Each structure stands twice: as structure tokens, then as C-alpha cells.
Number of protein chains: 2
Amino acid sequence: MNEKNSQTIEVESSLVAPDTQMESFKQARHNRRSELVEDYVELIADLLADGGEARQVDIAQRLGVAQPTVAKMLKRLIAEGYIQQRPYRGVFLTSIGKELARVSRERHQIVEAFLCSIGVSVETARMDAEGIEHHVSPETLEALKKFTATVRA
Amino acid sequence: MNEKNSQTIEVESSLVAPDTQMESFKQARHNRRSELVEDYVELIADLLADGGEARQVDIAQRLGVAQPTVAKMLKRLIAEGYIQQRPYRGVFLTSIGKELARVSRERHQIVEAFLCSIGVSVETARMDAEGIEHHVSPETLEALKKFTATVRA
DNA sequence: TTGGATATATAGCCTTTGCTATGTTATTGT
DNA sequence: ACAATAACATAGCAAAGGCTATATATCCAA
Ligand SMILES: [Mn+2]
Ligand SMILES: [Mn+2]
Ligand SMILES: [Mn+2]
Ligand SMILES: [Mn+2]
């Protein structure tokens, strides 16, 4: 395991403790596994709010993926209880789907608004927020929200 | 495709243009595919700087994955020219590996320092930065760096 | 009311990223 | 010098997230 020298006298190290670092990596991997679900329900909520319908083809177009890719993911969302599907009428959010969409959209908007508030262009803010949002913890979200409010004032 | 009504008179919509949104999602997916490579070379650089060695077992422990998982990824890193492997002496960075490590570590540190600068605890900053870093564009990175410098001053 | 356009479903394939189990090889302490 | 230990390699599996090609079902306009 690379034990080498046990009596090193507190050498300067840019490395954090192995377990601590491991926790961060595990958290990042965990967040990655929720990304798609969050993006789907948020997008479905927006489509429903906008036009009253959330069809596979629309979802596919906005995500930039093929329709069968969406079909497969919708099955997962149904299995996990986030949406319901009505044949040839698109999909709809369940109550827990609505709740996840609300939380996701709120966090997304806070991240995007924050980026703009520190001088990032709206285009870049939009691009970066789409990925960053999924790795923002509640604590960080609070900090971002407070900061943005301060700047606006 | 959901054409519905063509003479809608500029209805208020929280939705951005489909192509614009698609670009953001595509960028996020693209960033996700570089995450692992970036984390590996950065970690390898830190291990080398710290103890002179970067062994599979150490990498596995710090990432929180199994050793064969690391072995497989190291093959990819070799194939892509980021590292070299010396039997039973661990791995070493090529020049392009060193360069990617430098850039990744720099960005990582800027993101983490920034989070601390807006009042996030060091533990949370470390956790969140591990995921956020991979979705921070050069433009956003500049903004974060400038902001942190301002606060410190 | 019916045929064409549109939407959805399904099959089969691929890559990535993870795992466990197990074999092999190099290093090292005695 | 050599056996024990540690490091590494490999096989085989699975799940997630993509794709294309193609079949089927519904809707709607003429
Ligand atoms: Mn989002
Ligand atoms: Mn997103
Ligand atoms: Mn990093
Ligand atoms: Mn990372």
C-alpha cells in the first residue's frame, strides 16, 4: 500500500487525508447519477408550463438526443414515480415530480443568476449553469443566493 | 413535433430557444466525459508531488473505487498519451499529462478558494468543488478568480 | 373516413464506468 | 535466497446512457 517512511516529521503536503478526498469523489459521482433525472423533470415542467404539452420529440430536441434515448429515460422516470405517461399526449409530472422540478429549477436559476451577478455573460452563464447546478449543495446554494441578493441591492 | 398555433402573439415563456438550450446540454455532456481524465491526472500529479509515487492502490483508495477500475482507466490514460506506466513503480505523467494536471489543479483550486471566499465552509467547498470544477468555462473561471482576489484584498 | 404525417415503441448495438473473483508477478524482510 | 506480501493483470458481469433502423400506433386534414 505504499507505507514507506513512518517517522516523517510532518512534511508539507498539498494532499488532504485519503478518506476526506474519497468522500468528495464519491459525492461527485453520486451527484452525476441524479443529473439526468433533474434535467428531465425540470425540462418537462418548463414544457408543460409553456405549452401545456411535454412530448418525447420536444424533449429530445431540447436535450439534443435521439427520441429512443428519451423513451428509455421516460421509462425510468415512470418507474421512479416522477412522471406519468398518456399515450400520444405526452408526459405529466406526479406530485413528487413536480416537487423535484421545483427544487431543481430554483437551484438552476439561482446558479445562473449568480454567475451573471459576478460578470459572466448570459450565454456563458447559461452554458455553465447547466452543469454546475447538479454539484451545488444546499449550503453553497444559500451562499450564492445571499450573494446575488446583495449585488442586486 | 407540436406545432399547435402559429399566430401566438409573443407569449411570455420561461423557455429559451430549443437550439440554445440544446447547446448547453451538449456542453454539459461533453464536460462530463472529461471529468474522470481530469481528476485522474490531477490526483496523479498530487501523489507524485507528495510522495514521489502514484500507485494504482493509492489512486483507488483516494478515488474510492476498486483497483481494477483504476487499472482500466490507466490504460485509457496511456492510450490518450497522458501517462506512462513503469511496472511495479507506479505511473508518471507525460508532458501533456503534466500540462493537463496543471490546468486542472489550478482551476480546481480557484473554484474551491472562491467558494470559501463567499462564506462556504471548507468542507463543503472541497466537496462541491470536486464536481463543479469540470463545468467551469474559462470565462467563468476568470470571473471567479477576480472575485476571490477582490475579497482577499 | 381514410391516408399520410407524426409520435411512439422496440430491437439490437456500442461505450463508459463501475464491480467481484481470481491469477500472476515483483519486492522485500528475514 | 526465498517465501510472504503487496501490487498488478485479467476475465466476466452489470447498469447507465447513447445511437440507428425499423415497426406500429394515433391524429388530423382533406
Ligand atoms: Mn437544470
Ligand atoms: Mn443541468
Ligand atoms: Mn479536481
Ligand atoms: Mn473533480
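What's counted below: heavy atoms across the whole structure, side chains too, no hydrogens, waters or symmetry copies. Since the structure is predicted, the reported quantities are computational estimates derived from the model, not experimental observations. The sequence lines fix the lettering, A, B, ..., with proteins before strands; numbering per chain opens at 1.
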Original post:
Any idea how A/Phe147 and A/Phe114 line up, ring-wise: parallel (<30°), tilted (30 to 60°), or perpendicular (>60°)?
Top reply: perpendicular

Tell me which donor-acceptor pairs under 3.5 Å the side chains of residues 63-79 of chain A have, and how far apart each pair is, sequence neighbours excluded?
{"unit_1": "A/Gln67", "atom_1": "NE2", "unit_2": "A/Gln56", "atom_2": "OE1", "d": "3.1"}
{"unit_1": "A/Arg76", "atom_1": "NE", "unit_2": "A/Glu80", "atom_2": "OE2", "d": "3.2"}
{"unit_1": "A/Arg76", "atom_1": "NH2", "unit_2": "A/Arg33", "atom_2": "O", "d": "3.4"}

Original post:
Do A/Arg102 and A/Glu106 sit within salt-bridge range, that is, some charged N less than 4.0 Å from a carboxylate O?
Top reply: yes

Subject >> Under-4.0 Å salt bridge between B/Lys145 and B/Glu142 >> reply: yes

Original post:
For the side chain to side chain donor-acceptor pair (under 3.5 Å) test, which of A/Arg29, A/Gln27, A/Glu35 pairs with A/Asn31?
Top reply: A/Gln27

Original post:
Centre of B/Phe92's six-membered ring, under 6.0 Å away, within 45 degrees of the axis: is that where NZ or CZ of B/Arg86 sits?
Top reply: yes

Let me know the distance between [atom1] of [X] and [atom2] of [N], rounded to the nearest Å.
| X | N | atom1 | atom2 | answer |
| --- | --- | --- | --- | --- |
| B/Glu38 | C/dT16 | CD | P | 16 Å |
| A/Ile78 | C/dT8 | CD1 | P | 12 Å |
| A/Ile83 | C/dT8 | CD1 | C1' | 13 Å |
| B/Leu63 | C/dT17 | CG | P | 12 Å |

Nucleotide N/O of nucleotides 8-17 of chain D paired with protein N/O under 3.5 Å:
{"unit_1": "D/dC8", "atom_1": "OP1", "unit_2": "B/Arg55", "atom_2": "NE", "d": "3.2"}
{"unit_1": "D/dC8", "atom_1": "OP2", "unit_2": "B/Gln56", "atom_2": "N", "d": "3.1"}
{"unit_1": "D/dA9", "atom_1": "OP2", "unit_2": "B/Gln56", "atom_2": "NE2", "d": "2.4"}
{"unit_1": "D/dA9", "atom_1": "N7", "unit_2": "B/Gln67", "atom_2": "NE2", "d": "3.1"}
{"unit_1": "D/dA9", "atom_1": "N6", "unit_2": "B/Gln67", "atom_2": "OE1", "d": "3.3"}
{"unit_1": "D/dT10", "atom_1": "OP2", "unit_2": "B/Lys75", "atom_2": "NZ", "d": "3.3"}
{"unit_1": "D/dG17", "atom_1": "OP2", "unit_2": "A/Arg76", "atom_2": "NH1", "d": "2.2"}

